[in-house]
Protein chains: 2
Amino acid sequence: MTDSDPSARDAEYLAKLQDYYASWKSIPSYASLCDVFGIASKSWVKAILDRLVKAGFIERTPDGMMIPTRDFFARPLAESSVQAGMPVAVNETQGDYFVIDEMLIDKPSTTTLIPVKGDSMIDAGIHEGDVAVVEKRNVANIGDIVVAIVDNEFTLKTLDKERGQYILRPANQAYPVIRPQGSLEIFGVLVGLIRKYK
Amino acid sequence: MTDSDPSARDAEYLAKLQDYYASWKSIPSYASLCDVFGIASKSWVKAILDRLVKAGFIERTPDGMMIPTRDFFARPLAESSVQAGMPVAVNETQGDYFVIDEMLIDKPSTTTLIPVKGDSMIDAGIHEGDVAVVEKRNVANIGDIVVAIVDNEFTLKTLDKERGQYILRPANQAYPVIRPQGSLEIFGVLVGLIRKYK
DNA sequence: TTGACAGCAGAACGCCCGTTCTTTAGGATG
DNA sequence: CATCCTAAAGAACGGGCGTTCTGCTGTCAA
């Protein structure tokens, strides 16, 4: 069973699919792909797509829909010039939005952005003006950086435990450790950080 | 014709759709959306989607497939003025919404993402593993943090001038100032920073 | 109390979609 | 000249998909 070795022209078809996807951000139906590929039969489109799936450029969701993989976005980029000082920069990909979002945000519905005020976490590399990406939930692990509500104010600190009691530890010696009396109200957990220069 | 005012629960449905999309990067069939939304009838799913289309969160390709728009990826930015106890104000509509990519990237075609190695800029709050958002260009101002090419390697340093000569200043006393002989090759300028926790 | 409407359930339908099978044309190969 | 193999075309089909319509239930205002 020779099955399917990657056809020579699959690269060409892949290129057309990438162009289409760049425009519409979806993989169309087989019928539409006939137009995209310049082919008249759906069966051959299926054969091509099956090979692209096997080659790892596309995958299927549980619903059978086809979505691109990371390899789908990979650019050819001249490898020989790597030594010449040119970038190995990983992410030369897709010049559109939702790249960084995808990276930082797992659960969009519970994620919110909160600007950082003050320098109490500066030793953790979190500066005033940075934007904290916070996943809203009220449970966290020791060592997580959390957004807690203390005295009716947001505060960003590292969650720790001291003699069975939760405490909030700043990352700046100029600030005191916060030892809340009673229960500690956690608003969310820091999952990412964004900084804009200039 | 009552048409459709945005239903109160549409925000909730949108949130579920966003979460699904974050996982699968596609909008599933109406039947699957019944499960996602926790709804039993496809007709109601269609009604919801129609409203989301009209509200500008999703749109349709020529093939009738549904794809997210820019607004679909917008995240709420909490106002710093949330002293009033519960900052649930974030949840309700009228806050500011931001798309992270648009926030950080002005010129997509010349912007690239480069992972940070080493701790030579740690005093500037730039840690190993952070991702630098770099705008590719070969001119920069004094004080800018630049990606320069030194000895065929990328290096991230602050651009400075010393006796009429450009130098690269690290933000870590353990590292030396770089004084390039001859011209200085600048790859790009740091315009943003991304960090992912956990 | 009575509608009027929003919020959904459920059935019914026609068409398109993905799949499979069969057939064809045109190189290679020998 | 016979034979493969690749690269398609094309027909045929069953089911799922989106669409439409009709019906049900709770709520709230008049």
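Just so you know, these numbers use all the heavy atoms, side chains as well, and skip hydrogens, waters and symmetry mates. Chain identifiers are assigned alphabetically (A, B, ...) following the order of the sequence lines, protein sequences preceding nucleic acid strands; residue numbering begins at 1 within each chain.
An OP1 or OP2 oxygen of D:dA8 is reached within less than 4.0 angstrom by a side-chain nitrogen or oxygen of A:Arg9. Within the 4.0 Å cut-off from OP1 or OP2 of C:dG10, not a single side-chain nitrogen or oxygen of B:Tyr30 is found. Phosphate contact (OP1/OP2 of C:dC8, side-chain N/O of B:Tyr13, threshold under 4.0 Å): present.
Atom CG of A:Asp63 is separated from atom C1' of C:dC17 by 15 Å (rounded to the nearest Å). When rounded to the nearest whole Å, the span between CZ of A:Phe37 and C1' of D:dA7 equals 14 Å. Computed from coordinates, the B:Lys46 NZ to C:dA9 P distance equals 17 Å when rounded to whole Å. Summarising the geometry, the separation between CH2 on A:Trp44 and P on C:dC21 is reported as 16 Å, rounded to the nearest angstrom. Between A:Ile27 atom CD1 and C:dC17 atom C1' there is a gap of 15 Å when expressed in whole angstrom units. Separating the CG atom of A:Asp10 from the P atom of D:dA7 is a distance of 8 Å, rounded to the nearest angstrom. Rounded to an integer number of Å, the gap from A:Ile48 CD1 to C:dG18 P is 14 Å. Between the P atom of C:dG7 and the CD1 atom of B:Ile39 lies a distance of 11 Å, rounded to the nearest Å.
For B:Asp160, the salt bridge (Lys or Arg N to Asp or Glu O under 4.0 Å) partners two or more places apart in sequence, or in a different chain, are B:Arg169. Residues forming a side chain to side chain contact (heavy atoms under 4.5 Å, CB included) with B:Ala22 (at least two apart in sequence, or on another chain): A:Pro108. Remark: A:Lys46 engages A:Asp50 in a salt bridge (Lys or Arg N to Asp or Glu O under 4.0 Å) (not counting sequence neighbours). Residues forming a ring pair (Phe, Tyr, Trp, His ring centres under 6.0 Å) with B:Phe37 (at least two apart in sequence, or on another chain): B:Tyr13. B:Phe72 pairs by the ring pair (Phe, Tyr, Trp, His ring centres under 6.0 Å) definition with B:Tyr21, not counting sequence neighbours. For A:Ala47, the side chain to side chain contact (heavy atoms under 4.5 Å, CB included) partners at least two apart in sequence or on another chain are A:Trp44, A:Arg51.
Each side chain to side chain donor-acceptor pair (under 3.5 Å) pair with one or both residues in residues 125-135 of chain A, not counting sequence neighbours, appears once here: A:Asp130-A:Arg195, A:Glu135-A:Arg137.
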Interface polar pairs with nucleotides 11-14 of chain D, N/O, under 3.5 angstrom:
none

Which protein N or O atoms sit under 3.5 Å from an N or O of nucleotides 26-28 of chain D?
none

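Relative to the side chain of A:Ser41, the nucleotides D:dC17, D:dA8, D:dT19 differ in distance, and D:dA8 lies closest. When distances run from any side-chain atom of B:Ser29 to the nucleotides D:dC17, D:dG10, C:dG7, the shortest one goes to D:dC17.
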Steps toward side-chain contact (heavy atoms from CB on, under 4.5 Å) verdict (A:Val191, A:Asp106): CA-CA 9 Å; A:Val191 296; A:Asp106 285 336; over 6 Å; no
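Tested against B:Ile167, the residues B:Val177, B:Thr158, B:Leu184, B:Ile178 include a single side chain to side chain contact (heavy atoms under 4.5 Å, CB included) partner, B:Val177.
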